[in-house]
Amino acid sequence: MRVMPNLSPLVVRRFAALALAATLLPVTGCRDWIVRTRDAESISLAPNNLQVAVNSSVRVVGTAFDKNGNSIGDKNIRFSSSNNAIATVTNDGLVIGVSPGQVTIAGEADGARGEAAVTVVPEVPDNILVTPSPITLRRGNVRQFSAVPRNSAGTPITGLSLEWRSSNSAIASVSSTGQVTALAVGTAVISATANQITGSATVTVTEVPIGSISLAPATRSIQINEEFVPELTLRDTAGNVLPSLGRTINWTSSSTITASVNSTNGVVRGLRVGTTRITAASPDNPAINGSMDVTVTERQVKTVVITPRTGFLRLGVPRQLSAQLLDSLNQTVTGRVVTWTPLNPTVATVSANGSVTGISLGTVRITAQVDAAIDTVQFTVTRIPVGSVELAPTQASVIQGKTTTLLVTVEDSIGTEVTDRAVTWLTSNPSVATVANGVVTAVSPGTVTITASSEGRSGTASVTVLQVPVDSIALATPNDSAVNINAVAPGNTKQVQLELLDADRATVLNRNLLITSTSPSVANATWNQNTRILTITATTGTGTGETIIRLRALGANGLPEGKQTSIRVSVTATP
């Protein structure tokens, strides 16, 4: 037995009509009247993957195909939804979104089935209604706002996330739940946004009217240049305290030459001795005001600070001190006379303007006093340090055994010559010359550097020691000026003791002599500087003859110096 597929009512009606016609016609014509419908082998839905918003619709088209893959144009397809809570579908394939989610839409015919995947997304709002709007709030008030997303038909849409914003959060702020707080006078726009659709409301913030103003304390005494801000208390008409921050108040002083008051923040500043009244008034109603009396007095010096506080005083060099005067608020006080006093006037003096001068070595304390305030500093008076040491002459020469004096000039650091400083003398070679208190004593020929030092400064001079020049040559025995040598053969000698004398007739040692003979063939002479003996030697012994031996001292440079001495030598034959 063949099982017939489920047929739509239209198909059933068509089959019924054909069956009735078949009963009325002759049997021979049956094959001309019977129409056989093709069975559906497969169903295709288009589109097979689609998206629809809640309360919106989209159509799905189903197509049936026979076993040969040919489409069946008049095949009735039944549509169904896997979850009608998410999406429904009509008999003609219209899919309607109900709630967000995933659902499968099926199309069936003759046992064949086709499917399409449908995603239902939240409904997109057409507008958002924000309430209340417009609204006026007093500063400090808090109000809850609401926002309703709606579709184009005006139907509210639920389940959407809202983002709240304020166009000026300094005037009115809004929380993430739509709670608005009035902060400052002005106008702000509160907006709520969902799915890039925005609705807004206008908020105007006004001040709470001032009912009364009071200032504290009722009286106040300040010094010149001292500042303070009166304690301001604002109340509304019900007596409740109002915040003064951001509130405009008109401040005035009855005597602006005595004390000034900042018209914006109420800072009072004392200007000169006297009394004034400070008033704070409402800008909307000047009759609503509060006041206080302010007395301005002379500033009292509480602290004196001398600068500098450490260091030295140079003897005779003034040093300027200064004194900073402070009141009880540690603010500088000017225009006051400072009394300066040295506690040890024999060591230092101080002028009326604080210039201190050391007059003797020692320690001194200096005080500065104004009113009852006093300060003291201590200084040690010292000499001005040495700035330079110079010797004169810077180059000198002295004969061995003699002395020469070098002059030293010591100047302090400001260029003044001083004579009260200790000077240390030093020679670079004591074997050539010694020095004591600037007196250089020549010891032996050569050159030395003499150094004079004082307080770390020094000056130098170069001193050259010269040999003692020979002035004359004397014979120890005057008769030796004429020497007779008896000789029978060359080589007989005669010794003569000589003395080399300087200009002071003092003996000069260790000098060579320049010896010449007028007749070397008669006699010559040699000199021993250690024994100071001149040996005359006859060069002939067969005959007589005479010669003159001339003597002259040689200096360190090898040149003759001093006077010449002559010895007459006679050589005679021995009988």
Query raised in the report: Quick one: does Ser81's side chain have a donor or acceptor within less than 3.5 Å of a partner on Ala87's backbone?
Result: yes
Query raised in the report: Looking at side-chain heavy atoms only, is the closest gap between Leu313 and Val364 below 4.5 Å?
Result: yes
Query raised in the report: What closest approach, in Å, do Ser360 and Thr346 show between heavy atoms, and which atom pair accounts for it?
Result: OG-O, 2.7 Å
Query raised in the report: Is the closest side-chain heavy-atom distance between Trp251 and Ile278 below 4.5 Å?
Result: yes
Query raised in the report: Are Thr193 and Thr198 close enough that a side-chain donor and a side-chain acceptor fall under 3.5 Å?
Result: yes
Query raised in the report: Excluding sequence neighbours, so at least two apart, what forms salt bridge (Lys or Arg N to Asp or Glu O under 4.0 Å) with Arg383?
Result: Asp420
Report task. Return yes if some donor-acceptor pair links the side-chain N/O of Ser133 with the main-chain N/O of Thr202 below 3.5 Å, else return no. Result -> yes
Query raised in the report: Stepwise, does the side-chain hydrogen bond (donor to acceptor under 3.5 Å, both in side chains) test hold for Thr451 with Thr460?
Result: CA-CA 4 Å; Thr451 302; Thr460 60; 5.7 Å; no
Report task. May I ask you to decide if Arg272's main-chain N or O and Thr258's side chain share a donor-acceptor pair within less than 3.5 Å? Result -> no
Query raised in the report: In Å and rounded to the nearest 0.5 Å, what is the CD to OG1 distance from Glu226 to Thr297?
Result: 7.5 Å
Report task. Take Val121 and Val52 through the side-chain contact (heavy atoms from CB on, under 4.5 Å) test and state the conclusion after the steps. Result -> CA-CA 6 Å; Val121 296; Val52 64; over 6 Å; no
Query - Heavy-atom pair of closest approach, residues Thr447 and Ser462 - result: CG2-OG, 3.5 Å
Query raised in the report: Is a side-chain N or O of Asp236 found less than 3.5 angstrom from the main chain of Asn240, in a donor-acceptor match?
Result: yes
Query raised in the report: With distance as the sole test, does Arg220 use its side chain to make a donor-acceptor pair with the main-chain N or O of Pro217 at under 3.5 Å?
Result: no
Query raised in the report: What distance separates Asn285 CG from Ile210 CD1, expressed to the nearest 0.5 Å?
Result: 9.5 Å
Query raised in the report: Taking atom types as modelled, is there a side-chain donor on Ser453 or Thr424 under 3.5 Å from an acceptor on the other?
Result: no
Query raised in the report: Which pair of heavy atoms, one from Pro125 and one from Ile157, lies closest together, and at what distance?
Result: CA-CD1, 3.5 Å
Report task. Determine, step by step, whether Gln324 and Leu326 satisfy the side-chain contact (heavy atoms from CB on, under 4.5 Å) criterion, reporting the C-alpha distance in whole Å, the side-chain angles of both residues, the deciding distance to 0.1 Å, and the verdict. Result -> CA-CA 7 Å; Gln324 183 183 17; Leu326 302 175; 3.6 Å; yes
Query - Exceeds 12 heavy-atom contacts within 6.0 angstrom, atom CD of Gln144 - result: yes
Report summary line: Distance col, row Ile197:CD1 vs Leu160:CG, nearest 0.5 angstrom, shows 10.5 Å
**Report entry** Enclosure of Glu231 CD (heavy-atom neighbours >12, cutoff 6.0 Å)
**Finding:** no
Requested in this report: Over all heavy atoms of both residues, which pair between Phe145 and Pro132 is shortest? Give the atoms and the distance, please.
Outcome: CE2-O, 3.3 Å
Query raised in the report: Which is it for Asn353 and Ser355 under the side-chain hydrogen bond (donor to acceptor under 3.5 Å, both in side chains) test, yes or no, and what are the steps along the way?
Result: CA-CA 6 Å; Asn353 65 354; Ser355 178; 5.0 Å; no
Query raised in the report: Would a distance-only check, ignoring hydrogens and angles, find a side-chain to backbone donor-acceptor pair under 3.5 Å from Gln400 to Val443?
Result: yes
Report task. Give a yes or no on whether the backbone of Ser173 and the side-chain of Ser169 come within a donor-acceptor separation of less than 3.5 Å. Result -> no
Requested in this report: Taking atom CZ of Arg319 as the centre, report whether more than 12 heavy atoms of other residues, nucleotides or ligands fall under 6.0 Å from it.
Outcome: yes
Report task. Scan side-chain atoms only and decide if Asp284 and Ser282 contain a donor-acceptor pair under the 3.5 Å cut-off. Result -> no
Query raised in the report: Quick one: does Ile366's side chain get under 4.5 Å of Thr376's, heavy atoms only?
Result: no
Query raised in the report: Any side-chain heavy atom of Trp340 sitting closer than 4.5 Å to one from Leu321?
Result: yes
Query raised in the report: Under 4.0 Å between a Lys/Arg side-chain N and an Asp/Glu carboxylate O for Asp327 and Lys302?
Result: no
Query raised in the report: Is the number of heavy atoms from other residues, nucleotides or ligands within 6.0 Å of CD (Gln395) greater than 12?
Result: no
Query raised in the report: What's the verdict on side-chain hydrogen bond (donor to acceptor under 3.5 Å, both in side chains) for Thr307 and Ser322, showing C-alpha distance, side-chain angles and the deciding distance?
Result: CA-CA 5 Å; Thr307 55; Ser322 63; 2.8 Å; yes
**Report entry** salt_bridge(Asp412, Arg314) N-O dist < 4.0 Å
**Finding:** no
Report task. Can you establish whether the number of heavy atoms outside Asn265 located under 6.0 Å from its atom CG is more than 12? Result -> yes
Report summary line: dist Arg269:CZ -> Thr256:OG1 (nearest 0.5 Å) comes out at 14.5 Å
Report summary line: Here the pair of heavy atoms bringing Met292 nearest to Pro230 is SD-CB, 3.6 Å
Report task. Keeping the roles fixed (side chain from Arg59, backbone from Asp92), state whether a donor-acceptor pair exists under 3.5 Å. Result -> yes
Query raised in the report: If we ignore angles and hydrogens, is there a donor and acceptor under 3.5 Å between the side chains of Glu115 and Thr104?
Result: no
Query raised in the report: Hey, is the main chain of Ala85 close enough, under 3.5 Å, to the side chain of Ser99 for a donor-acceptor pair?
Result: yes
**Report entry** 4.5 Å side-chain heavy-atom contact, Ile128 and Arg150
**Finding:** no
Query raised in the report: Is there a side-chain contact between Val296 and Thr275, using heavy atoms and a 4.5 Å cut-off?
Result: no
**Report entry** Residues Ile222, Phe228; criterion side-chain contact (heavy atoms from CB on, under 4.5 Å); working and verdict
**Finding:** CA-CA 8 Å; Ile222 62 174; Phe228 81 100; 3.7 Å; yes
Query raised in the report: Once you round to the nearest 0.5 Å, how far does CG of Asn429 lie from OG1 of Thr449?
Result: 10.0 Å
Query - Neighbour count above 12 (heavy atom, 6.0 Å) for Asn91 CG - result: no
Query - Presence of salt bridge, Arg247 and Glu207, under 4.0 angstrom - result: yes
Query raised in the report: Passes side-chain contact (heavy atoms from CB on, under 4.5 Å), Glu390 versus Val408? Steps please.
Result: CA-CA 6 Å; Glu390 294 182 356; Val408 61; over 6 Å; no
Query - Donor-acceptor contact below 3.5 Å, side chain Thr427 vs main chain Ala433 - result: yes
Requested in this report: Using distance alone, with no hydrogens and no angle criterion, decide if Arg365 and Asn344 have a side-chain donor and acceptor under 3.5 Å apart.
Outcome: no
Query raised in the report: Could you walk me through whether Arg421 and Glu455 pass the salt bridge (charged side-chain N to carboxylate O under 4.0 Å, His left out) check?
Result: CA-CA 8 Å; Arg421 309 303 167 89; Glu455 297 181 9; 3.4 Å; yes
Query - Side chains of Ser146 and Val130 in contact at under 4.5 Å (non-hydrogen atoms) - result: no
Query raised in the report: When rounded to the nearest 0.5 angstrom, what is the spacing between CG in Asp126 and CG in Asn151?
Result: 7.5 Å
Requested in this report: For Ala442 and Val398, work out which heavy atoms get closest and say how close.
Outcome: CB-CG1, 3.6 Å
**Report entry** Any side-chain heavy-atom pair of Ser388 and Arg457 under 4.5 Å
**Finding:** no
